[in-house]
2 protein chains.
Amino acid sequence: MAIRERRERERAERERAIVAAARELAESEGWDAVTTRRLAAEIEYSQPVLYSHFKGKGAIMAAVAVEGCGDLAAELAAARAAATDERQAVAGIATAYADFAERRPALYDAIFNLPTELPFASQDVPVELARAFAELAETLRPFAGDDNLETFTETFWSGLHGLVSLMRNGRLRREEHERRLALLVDRFARLG
Amino acid sequence: MAIRERRERERAERERAIVAAARELAESEGWDAVTTRRLAAEIEYSQPVLYSHFKGKGAIMAAVAVEGCGDLAAELAAARAAATDERQAVAGIATAYADFAERRPALYDAIFNLPTELPFASQDVPVELARAFAELAETLRPFAGDDNLETFTETFWSGLHGLVSLMRNGRLRREEHERRLALLVDRFARLG
DNA sequence: CCGGAACTCTAGCACCGCTAGCCAAGCTGC
DNA sequence: GCAGCTTGGCTAGCGGTGCTAGAGTTCCGG
């Protein structure tokens, strides 16, 4: 039965290759360039193979999004760990968040903007996403005051998301970005 | 030469019909249902006619977005006018903004989310959009303090945009919406 | 009345996500 | 060792997309 095991190994490997190809293609040429035909060519298999691994293109994008959540969580954690004091931690994590969105726009879109069926508000949130959210929440904890921490975090997070997504599609003046970021942090990282 | 005038009138009328059809279709069935074939059928002309009015589908969507800006500006202005005091004005305009996004998701997406080439940061912003932004700015003026009013407004606006867009695609718990909105308002409508 | 301009239509291109059905390889039971 | 079945990847194709070339019709000016 070792053959069966090898097969399963190869199959898992191919699945990873699909997600990796989708991610790389999206990051280098944008999601519009990610088509099932292109993806199939990239992994050197025919199109229908993709559908034996994933329900459809949306499921592949969701898989990329989950991977991206891991990266985001890691970068947020690093920013929090590097902070010197509580207030600076908020500024640092905000900058890290904005940098992530700026540096990996395709990944960011997969996680937050694209109409994917990535489970969010339900109970089975991807663990990586929960980690990213928790990093934000822990950083904000000293400033939540009487507000519910989760709600407080969601609101701050929304501010960050609004800043980066409006700027990325040209709705905000790019040169004011840092000032807006500082302003948002200032409004949320204060006591009382 | 009256004939030429009649022709131009009919042509302008047809252009309005295209935009109206796109808007109605998007609002009732979502942007996915807005295809050039469907649009052509709706106005009872053939597909290529659309391209004699607009450069492409994107341009039609941009026209719908500009119309939508007018609606948004009107609703924000009404909310501001109905306010009893300065702080309540911020809460009112925030609620009006969120309600607009909730009640007309397709229109909101056309304005802010879809990757349209609607001119924003350039000098020729649609006048309706400038009006909407100005309503926000005037409402926030008493609370901007030392911050640049425009930057301050952009940041608050980003917060609103983040809240509504994350909630609309299932990234935020719907039942906490009003609390988040109140929290955002509270952070921006305070002195000092 | 007729030549030319303006305009709309049919038909089709290249692409999309997705799937039915064929065919070859490999495992299983005799 | 061999027949038959299962597995799994392939080719080909469906119905859709945005967009356009070129034919055909209508109408205006001389």
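Any value given below was found using the heavy atoms of this structure, including those in side chains, with hydrogens, waters and symmetry copies removed. Throughout, a chain's letter reflects where its sequence line sits, starting with A, and its residues are numbered from 1.
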- Message: Using the rule given for salt bridge (charged side-chain N to carboxylate O under 4.0 Å, His left out), can you reason through A/Glu29 versus A/Arg38, listing the C-alpha separation, both sets of side-chain angles and the distance that settles it, and then say yes or no?
- Response: CA-CA 12 Å; A/Glu29 302 184 39; A/Arg38 186 89 182 264; 2.8 Å; yes
- Query: Going through the checks in order, is the salt bridge (charged side-chain N to carboxylate O under 4.0 Å, His left out) test met by A/Asp109 and A/Arg104?
  - Reply: CA-CA 9 Å; A/Asp109 280 343; A/Arg104 305 160 107 104; over 6 Å; no
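One atom, CG of B/Leu39, and another, P of D/dT17, lie 12 Å apart when rounded to the nearest Å. Regarding A/Glu15, its CD atom lies at a distance of 16 Å from the C1' atom of D/dG9, rounded to whole Å. Atom CG in B/Leu50 sits about 13 Å away from atom P in D/dT17, given to the nearest Å. In this entry the distance linking CZ of B/Arg11 with C1' of D/dC27 reads 16 Å, nearest Å.
In this structure, A/Glu15 and A/Phe54 have side chains that are in contact, with non-hydrogen atoms separated by less than 4.5 Å. A 4.5 Å side-chain heavy-atom check between B/Arg168 and B/Asn113 finds at least one atom pair inside the cut-off.
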Atom pairs under 3.5 Å: protein N/O with N/O of nucleotides 22-25 of chain C:
none

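Ring geometry for A/Phe133 versus A/Trp157: interplanar angle over 60°, hence perpendicular rather than tilted (30 to 60°). The aromatic rings of A/Tyr108 and A/Tyr97 stand perpendicular to each other, their planes meeting at an angle above 60°, with 30° marking the opposite boundary.
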- Message: Each nucleotide in nucleotides 11-20 of chain C should get exactly one letter: B, S or -. Can you fill that in based on protein heavy atoms under 4.0 Å?
- Response: -B---BBBBB
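Side chain of A/Arg179 to main chain of A/His177: no donor-acceptor pair is present (N/O by atom type, distance under 3.5 Å, no hydrogens or angles).
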Name each donor-acceptor pair under 3.5 Å that joins a side chain in residues 44-52 of chain B to protein atoms two or more places apart or in another chain, with its distance.
unit_1  : atom_1 : unit_2  : atom_2 : d
B/Gln47 : NE2    : B/Thr36 : OG1    : 2.7
B/Ser52 : OG     : B/Val49 : O      : 2.8

